[in-house]
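Have a look at the structure below before the remarks.
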There are 2 protein chains.
Amino acid sequence: MASSKREQLIDTAVELFYRDGFHATGIDKILSNSGVSRMTLYNHFRSKDELILAALHRMDEQWRNWFMRSVEHQADTPYDRLLAIFDVLGEWFRQKNFSGCLFVKASAEFSKPGHPIHAAAAEHNRLVYEYVRGLAELAGAKNPAELARQIRTLMEGALIIACVSTRVKAAEEAKDMVKILMQNAFETETLTAA
Amino acid sequence: MASSKREQLIDTAVELFYRDGFHATGIDKILSNSGVSRMTLYNHFRSKDELILAALHRMDEQWRNWFMRSVEHQADTPYDRLLAIFDVLGEWFRQKNFSGCLFVKASAEFSKPGHPIHAAAAEHNRLVYEYVRGLAELAGAKNPAELARQIRTLMEGALIIACVSTRVKAAEEAKDMVKILMQNAFETETLTAA
DNA sequence: GGTTAGATTGACCAATCAGTATATCGTGCG
DNA sequence: CGCACGATATACTGATTGGTCAATCTAACC
């Protein structure tokens, strides 16, 4: 039962932090929305910052898991999966309660790079990058690290355009861009195969 | 003197909002840092949100002015200026107190698209887009609007990578990407000329 | 010089902030 | 049954939140 309350706290924290932001979400709102009482929270987490870190960790696992599963379900070969990334991105942007990326929000509200919360956001980005680089390697890109950085840049760019300018098409537009870039990232024979 | 205090309030508001965020910056801190007293602020601005809007408006003018002047100083032809955008971006990322983009922060903290503050961020993005599209037109791009959207996506992507992952090189990496994309965005003769 | 309108001041408001102290409760063990 | 321990609930802390009120001060105009 103790662990269940902890889960419940993290769940509602993720939901409220995502919707309203970190500073704008008070401990009291998390408590009332989760039906958990004050001391139970401070029993599991030493401070609000620690709860934020737990929420980011939960979201990182959830989101990356969903993202990778979706990409792998969408396409079969590593090459096609690099393209499918942007289809999945489009799905994400079109989700009912889509409201941007929790990690962008985190690094926006805690912008000092040394802050643990900022570091958690950077770590999430690194893990996503590693996933893309793995795909680029499997696909046989000439320079997998470079292609992965390019794709990550396009992903983040599409994300910002989508959520600041409310332009969900940004995902498809980024996909068109990545097609062009991938022509340059693969040997000619791979290019012809695609 | 009245107008000078108003300017002073906006200046310190911009500085503190940029450094610490909107919700994390209290009215009291703005007052003490600017040396202006409470009612003077509420005489000029009906609420904190209105001060935020004024700060965003000020920052929009300042930043776009600095950005466009830098781009135009860096290169002479519209074509080269499209590339120079990313040199200027690199300059920005390397500025001493660089801490991301105030408008990304604004839309992160006020993520409901209908909110006036979110709308102000979207409007800033639109104005930057219009500037890039103008350059793309002058440069003779086949589809200026499309090229401008692509460049905007790369700009925002590089920005997020730079400030979340503390990777200022993201600007140069995005420049490499835009070179490839521009090969596809111009007729062959323009391409050869470049 | 006196009056008056507008700017400025500091005291004050209720609400909320993150976090704590203490009391009570439920439950497993001897 | 009775004890004891960890989890929970409630009340409370002092600080800070955004915002207001009424008194004071300044300066321009008649």
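Quick caveat, the model's predicted, so the values are computed rather than measured. In the text below, chain A, chain B and the rest are named by the order of the sequence lines, each starting its count at 1. When reading the values below, keep in mind they use all heavy atoms of this one structure, side chains included, and skip hydrogens, waters and symmetry mates.
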Strictly below 4.0 Å, N to O, side chains only: are [X] and [Y] in salt-bridge contact?
| X | Y | result |
| --- | --- | --- |
| B:Arg94 | B:Glu172 | yes |
| B:Glu130 | B:Arg133 | yes |
| A:Arg126 | A:Glu123 | yes |
| B:Lys105 | A:Glu109 | no |
| B:Arg46 | B:Glu50 | yes |

Contact summary for [X] and [Y], nearest pair of heavy atoms:
| X | Y | value |
| --- | --- | --- |
| B:Met177 | A:Leu181 | CE-CD1, 3.5 Å |
| B:Leu31 | B:Leu41 | CD2-CD1, 3.6 Å |
| A:Ala139 | A:Phe186 | O-CE2, 3.2 Å |

Would you mind telling me which of [options] lies closest to the side-chain atoms of [X]?
| X | options | result |
| --- | --- | --- |
| A:Tyr42 | D:dG18, C:dT20, C:dT8 | C:dT20 |
| B:Met39 | C:dG19, D:dA22, D:dG19 | D:dA22 |
| A:Arg38 | C:dA7, C:dT20, D:dG18 | C:dT20 |

Does a donor on one side chain and an acceptor on the other come within less than 3.5 Å for B:Asn43 and B:Thr40?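 On atom types as modelled, these side chains do not qualify, holding no pair under 3.5 Å.
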Distance check needed: [N] [atom2] versus [X] [atom1], whole Å only.
| X | N | atom1 | atom2 | result |
| --- | --- | --- | --- | --- |
| B:His23 | D:dG18 | NE2 | C1' | 12 Å |
| B:Leu41 | C:dA7 | CG | P | 14 Å |
| B:Arg6 | C:dG6 | CZ | P | 18 Å |
| B:Asp20 | D:dT17 | CG | P | 11 Å |
| A:Asp28 | C:dA18 | CG | C1' | 9 Å |
| B:Asn43 | D:dT24 | CG | C1' | 16 Å |
| B:Leu31 | D:dT20 | CG | P | 14 Å |
| B:Leu9 | C:dA7 | CG | C1' | 13 Å |

Give me the residues of residues 45-56 of chain A where at least one heavy atom lies under 4.0 Å from an atom of DNA chain C, by number, or none.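 Heavy-atom cutoff 4.0 Å gives A:Ser47, A:Lys48.
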Can you give me the bend angle of the helix from C:dG1-D:dC30 to C:dG30-D:dC1? Use the axis through the first five pairs and the one through the last five, nearest 10 degrees.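 Roughly 10°, once rounded to the nearest ten degrees.
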Looking at C:dA7, I'd like to know if its phosphate oxygens (OP1 or OP2) sit under 4.0 Å from a side-chain N or O belonging to B:Thr40.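 The answer is no; no side-chain N or O of B:Thr40 sits under 4.0 Å from OP1 or OP2.
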Does B:Ser37 make a side-chain N or O approach to OP1 or OP2 of C:dT9 shorter than 4.0 Å?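 So the side-chain polar atoms of B:Ser37 do come within 4.0 Å of the phosphate oxygens OP1 or OP2 of C:dT9, strictly under.
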